[in-house]
Amino acid sequence: YMDLDSIKNRKIRSQLRYLQLDLEETKIIYEDCLLKFNNDFRSYMMDTQPDLSAPPQTSKDTNLEIKTDVEEDTFKQVYRKVAGKTHPDKGGDSDKFKKANEANRNKDLGALMEMADELGVEVPMDDDMRNELSKHIKAVSDTITNLKTTMAWTWCHVDNSNKDTLKQYILQQLNVS
């Protein structure tokens, strides 16, 4: 028999785990769509035939960022616990420590919580933490939605019968038609 708090904790952690996996999958598909979109529209953007031998310009894609309003103290609390277990100076794994730093830098509370679970680090689950996790769940869900509404995603997932119409729309939006 589980009490109500235990059920709430398991439920919110399960929701976050599921959305983290969904986000990982969505990011991989999005990056493939972005490559296809850039290849398909590069010639229109540059007014020349694309030079596919040149490496693509890379800049940070803000669509991949989780925009969350989780409190900074919450990130610090979970990060410190995970970093304490993974820090190489304390006998931890440097790769896991780097992963924790990246999760903290990217404001990815879900990744930090996953690491805490893997490492057996106890993160107190009270109403405040459940509220913070709920905020993060909404932010992850919004990130997934944002990725799935980009021109690149739409371009890759549109029915072939609508491809020409969408192409004209995209060119118009990009001001190159």
Side-chain angles (χ1 to χ4, degrees), residues 8-39 41-42 45 54-157 174:
K8 285 180 180 180
N9 292 346
R10 284 187 57 204
K11 183 178 169 187
I12 199 158
R13 295 300 304 279
S14 294
Q15 287 174 319
L16 184 54
R17 276 189 207 97
Y18 174 81
L19 280 173
Q20 288 291 126
L21 283 173
D22 197 19
L23 179 60
E24 281 181 49
E25 176 186 44
T26 302
K27 282 181 176 182
I28 290 168
I29 295 169
Y30 169 75
E31 288 169 352
D32 289 344
C33 290
L34 201 56
L35 280 172
K36 180 168 179 28
F37 180 86
N38 287 337
N39 282 336
F41 286 92
R42 182 179 292 139
M45 300 300 293
Q57 294 276 333
T58 56
S59 61
K60 187 163 178 151
D61 188 339
T62 57
N63 288 318
L64 297 171
E65 293 175 11
I66 299 172
K67 293 160 187 68
T68 183
D69 57 352
V70 170
E71 299 295 326
E72 191 63 36
D73 286 347
T74 302
F75 284 106
K76 282 182 188 171
Q77 174 191 358
V78 179
Y79 172 72
R80 284 184 181 139
K81 289 178 178 286
V82 171
K85 278 271 194 168
T86 59
H87 199 288
D89 293 347
K90 297 182 179 181
D93 182 319
S94 64
D95 287 337
K96 287 184 180 179
F97 184 68
K98 287 176 189 170
K99 187 177 168 188
N101 275 315
E102 183 180 340
N104 189 47
R105 193 172 44 255
N106 294 331
K107 301 297 178 215
D108 190 345
L109 185 58
L112 287 172
M113 295 296 284
E114 281 291 314
M115 290 187 76
D117 286 350
E118 283 174 25
L119 299 165
V121 173
E122 186 66 34
V123 176
M125 288 294 293
D126 55 13
D127 286 341
D128 290 338
M129 181 56 85
R130 280 192 294 270
N131 184 41
E132 292 296 281
L133 289 176
S134 292
K135 288 183 200 175
H136 194 69
I137 285 170
K138 181 181 180 335
V140 170
S141 182
D142 289 348
T143 301
I144 292 167
T145 300
N146 290 341
L147 289 171
K148 289 182 176 183
T149 56
T150 60
M151 283 188 193
W153 185 282
T154 305
W155 178 248
C156 286
H157 293 89
L174 297 173

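The figures that follow rest on heavy atoms only: side chains count, while hydrogens, waters and symmetry mates do not. Numbers for residues simply follow the sequence, beginning at 1. The structure presented is a predicted model; accordingly, all values stated were derived computationally and were not measured.
For the pair Thr150/Asn63, a side-chain contact is recorded, criterion being any heavy-atom separation below 4.5 Å from C-beta on. Within the 4.5 Å cutoff, side-chain heavy atoms of Ile29 are placed close to those of His157. Counting heavy atoms from C-beta on, the side chains of Asn9 and Arg130 come closer than 4.5 Å. Taking 4.5 Å as the limit, every side-chain heavy atom of Leu19 sits out of range of all side-chain heavy atoms of His136. No side-chain heavy atom of Lys107 sits less than 4.5 Å from a side-chain heavy atom of Val70.
Closest of all the heavy-atom pairs between Ala152 and Cys33 is O-CB, 3.6 Å. Trp153 approaches Leu147 most closely through the heavy-atom pair CB-O, 3.3 Å. The two residues Phe75 and Asp108 have their closest heavy-atom pair at CE2-N, 3.8 Å.
Taking 4.0 Å as the cut-off between side-chain N and carboxylate O, Asp95 and Lys99 do not count as a salt-bridged pair. Look at Arg13 and Glu114 and you find no salt bridge, because none of the NZ, NE, NH1 or NH2 atoms lies under 4.0 Å from a carboxylate O.
With a 6.0 Å radius and a threshold of 12 heavy atoms from other residues, nucleotides or ligands, Arg10 has its CZ atom at or below the threshold.
In this structure, NZ in Lys27 is found 13.5 Å from CG in Leu34, a value given to the nearest 0.5 Å. From Leu119, atom CG reaches atom CD of Glu122 across 13.0 Å, with rounding to the nearest 0.5 Å. Between Ile66 atom CD1 and Asn146 atom CG the span is 11.5 Å, to the nearest 0.5 Å.
The stretch residues 74-91 participates, sequence neighbours left out, in these side-chain hydrogen bond (donor to acceptor under 3.5 Å, both in side chains) pairs: Thr74-Glu132, Tyr79-Asn101.
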*Could you go through the side-chain contact (heavy atoms from CB on, under 4.5 Å) check for Lys67 and Asp142 one step at a time?*
CA-CA 8 Å; Lys67 293 160 187 68; Asp142 289 348; over 6 Å; no
